[in-house]
Amino acid sequence: GKSQRYPETFLCVPQLFETKEAEDDVDLEALVNDMNSSLESLYSTCSSQQTESTPLLHNGQTSQTGLRRSQPMHILAVRRLQEEEQQLRTSSLPAIPNPFPELCSPASSPVLSPGSLPPGEPSTGNYIVKIFSEDGMGKVVEIPADMTARDLCQLLVYKSHCVDDNTWALVEHHPLLGLERCLEDHELVVQVQASMNSDSRFLFRKNYAKYEFFRNPLTFFPEHMVAWCQETSRTIPPSQLLQNFLATSSCPEIQGYLYVKEVGRKSWKKVYMFLRRSGLYCSTKGTSKEPRHLQLLADLEDSNIFTVITGKKQHGAPTDYEFCIKPNKGRGELKELRILCAEDEQGRTCWMTAFRLFKYGIVLYQNYKIPQQRKTLLSHFSAPVRSVSENSLVAMDFSGRIGRVIDNPVEAQSAAMEEGHAWRFIQYKNILKYILNVFFPSAVIHIAQLWFHGRITREESHRIIHQQGQVDGLFLLRVSQSNPKAFVLTLCHHQKIKHFQILPCEEDGQVFFSLDDGATKFTDLIQLVEFYQLNRGVLPCKLKHPCTVVAL
């Protein structure tokens, strides 16, 4: 196109801007409209003048042969305002639910990616999580983004009709790497799932040892492994030991020898280690603690500790007590893992428990004492509403010598729920026992019990005990491999697994079962288990926690 020179035009434009800038509190849109109309009038007035034309290129620049002149340009402020308003309206829109969640990968969200929305839009909505049980069956659950591991466990307990005894855990399982760990109660499930690989999965199982170190810390932290205990040269009370682990001012250390798998090699090296709040260190010169001899192996903040379930088979570990430290932002490869091995089970438990305490601190104690429950997510867990005729009833407590009226409504509600669970359990147990006694002989009425695991091997019983926490009194019953008519009681005591054979004995034509060569006889295995739950007898401890496998 062609343009003309207007020397008078540029004398008028500054005056126009000076007049408008002098006014205060002027509407921006009206100002821009006035400017556009003024410029159009100037253009129409000056275009009537006869001036020589000069060809222009892009951006108003003239050719090399002609003179470079400026000309007025329209300010498209109104269009920018409209675009900004449209952007604000779009950014305030909620996340769009994905109509095809089955096409998403396990680590993906059923909500469409925020890439289609303006940047800065937070990801909201529900997510799809698949949980697996011990038998390999899975259940798909839709959860919000802020649901913790404890909330999800309570949801699964409610859906599976289990007893909520605060011992259920969500396990992060990596089958190709042979790793697994129990999620802490406060961890967000969606965030953990985002860092998992496509082959990883969540498992739902019992874990009695999740907070057992708060009840019996001296069993988990032997004095020869705690540097603070050796420096004071005296016995540390359990309360003071835990207080020093949870406090931020004090800094106890865990020390001892560990086998370390060298990176890129199959060989193992025995090194003296130190575990502090700042990380895991190894000494390059014996047991020296000098800073120049310490080398950082792993950081606690950006890593998680896992139990290695395929130690000797996959890594050629020198012992069976293997664990590893895996970075959170890693790609899940073997070369990124820091694989370690302890000499015994007590040592491995001490290292792994101290790692959790150093990383989370007081948060673990809060999870143990005050479980974080969200009423909005768990509103359907409340007790059923009473009818009008039941409102005249009074809650009573008959646990003492004299009955008392329960005035606290929270205590009354918990007592009612506990009584209801106990009554249903007793009725179910009596009905089941009656049916089995009528239709089956007394030798098989134990098959419906949670602690009976059928024909499993000794190694399989060890694996189940390890998975559900090696606490005192954890037990299961199984069929003996050497004697098909006998049974075996597998019991954990002081983090060691022991086996006791239950032999059948016949008297007056009736079959009995005994653990002590006939000194104490029982008509069935249910009576035997109930007796040793109340009496220790020949066992090292009472039967406390049954190994339970629940199908989702």
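What you see is a predicted model; the values in this text were computed from it and never measured.
- A cation-pi arrangement is present between Arg181 and Phe306, with the terminal nitrogen or guanidinium carbon under 6.0 Å from the aromatic centre and inside a 45° cone about the axis.
- In this structure, the side chain of Ser283 engages the main chain of Ser288 through a donor-acceptor pair within 3.5 Å.
- Considering only residues two or more places apart in sequence or on other chains, Arg478 meets the side chain to side chain donor-acceptor pair (under 3.5 Å) condition with Thr490, His499.
- Checked for salt-bridge contact, Glu184 and Arg150 miss the test: no charged N lies under 4.0 Å from a carboxylate O.
- The residues Glu253 and Arg276 are annotated as salt-bridged, a charged nitrogen and a carboxylate oxygen being separated by less than 4.0 angstrom.
- Applying the side chain to side chain donor-acceptor pair (under 3.5 Å) test to Glu460 and every residue at least two apart in sequence or in another chain returns Arg463.
- The ring of Tyr272 has its center closer than 6.0 angstrom to the ring center of Phe274.
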Item to check | Step-by-step salt bridge (charged side-chain N to carboxylate O under 4.0 Å, His left out) determination, Glu180 to Arg205 | outcome: CA-CA 12 Å; Glu180 65 180 23; Arg205 72 160 69 118; 3.2 Å; yes
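- Judged as a side chain to side chain donor-acceptor pair (under 3.5 Å), and not counting sequence neighbours, Gln295 has no contacts.
- The backbone N or O of Pro546 lies less than 3.5 Å from a partner atom in the side chain of Thr548, making a donor-acceptor pair.
- Formation of a donor-acceptor pair under 3.5 Å by the Ser480 side chain with backbone atoms of Pro484 is not found in this model.
- When all heavy atoms are compared, the tightest approach of Cys324 to Ile339 is CB-CA, 3.9 Å.
- Panel note: side chain Ser200, backbone Met196; no donor-acceptor pair is recorded below 3.5 Å.
- Seen from the ring of Phe323, Arg348 does not count as a face-on cation partner, given the 6.0 Å and 45° thresholds.
- A donor-acceptor pair under 3.5 Å is formed between the side chain of Trp268 and the backbone N or O of His315.
- With hydrogens and angles ignored, the 3.5 Å screen pairs a side-chain donor or acceptor of Asn535 with a backbone N or O of Phe531.
- Formation of a donor-acceptor pair under 3.5 Å by the Asp472 side chain with backbone atoms of His494 is found in this model.
- Among residues two or more places apart in sequence or in another chain, the side chain to side chain donor-acceptor pair (under 3.5 Å) test is passed with Asn216 by Thr219.
- Using modelled atom types, no side-chain atom of His493 and backbone atom of Val471 make a donor-acceptor pair closer than 3.5 Å.
- The pair Glu134-Lys206 does not count as a salt bridge, with every side-chain nitrogen at least 4.0 angstrom from each carboxylate oxygen.
- When atom types are taken as modelled, the side chain of Lys159 and the backbone of Val141 share no donor-acceptor pair closer than 3.5 angstrom.
- Scored by the ring-ring contact (aromatic ring centres under 6.0 Å, His included) test, Tyr365 finds Phe214 as partners (sequence neighbours excluded).
- With sequence neighbours excluded, the residues forming a ring-ring contact (aromatic ring centres under 6.0 Å, His included) with Phe452 are His446, listed by chain and number.
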Next on the checklist: I'd like to know whether Asp185 forms a salt bridge (charged side-chain N to carboxylate O under 4.0 Å, His left out) with Lys210, so could you lay out the CA-CA distance, the side-chain angles of the two residues, the decisive distance to 0.1 Å, and finally the verdict.
Outcome noted: CA-CA 10 Å; Asp185 286 346; Lys210 186 164 56 172; 3.2 Å; yes
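- Judged by distance alone, the side chain of Ser461 and the main-chain N or O of Arg458 form a donor-acceptor pair under 3.5 Å.
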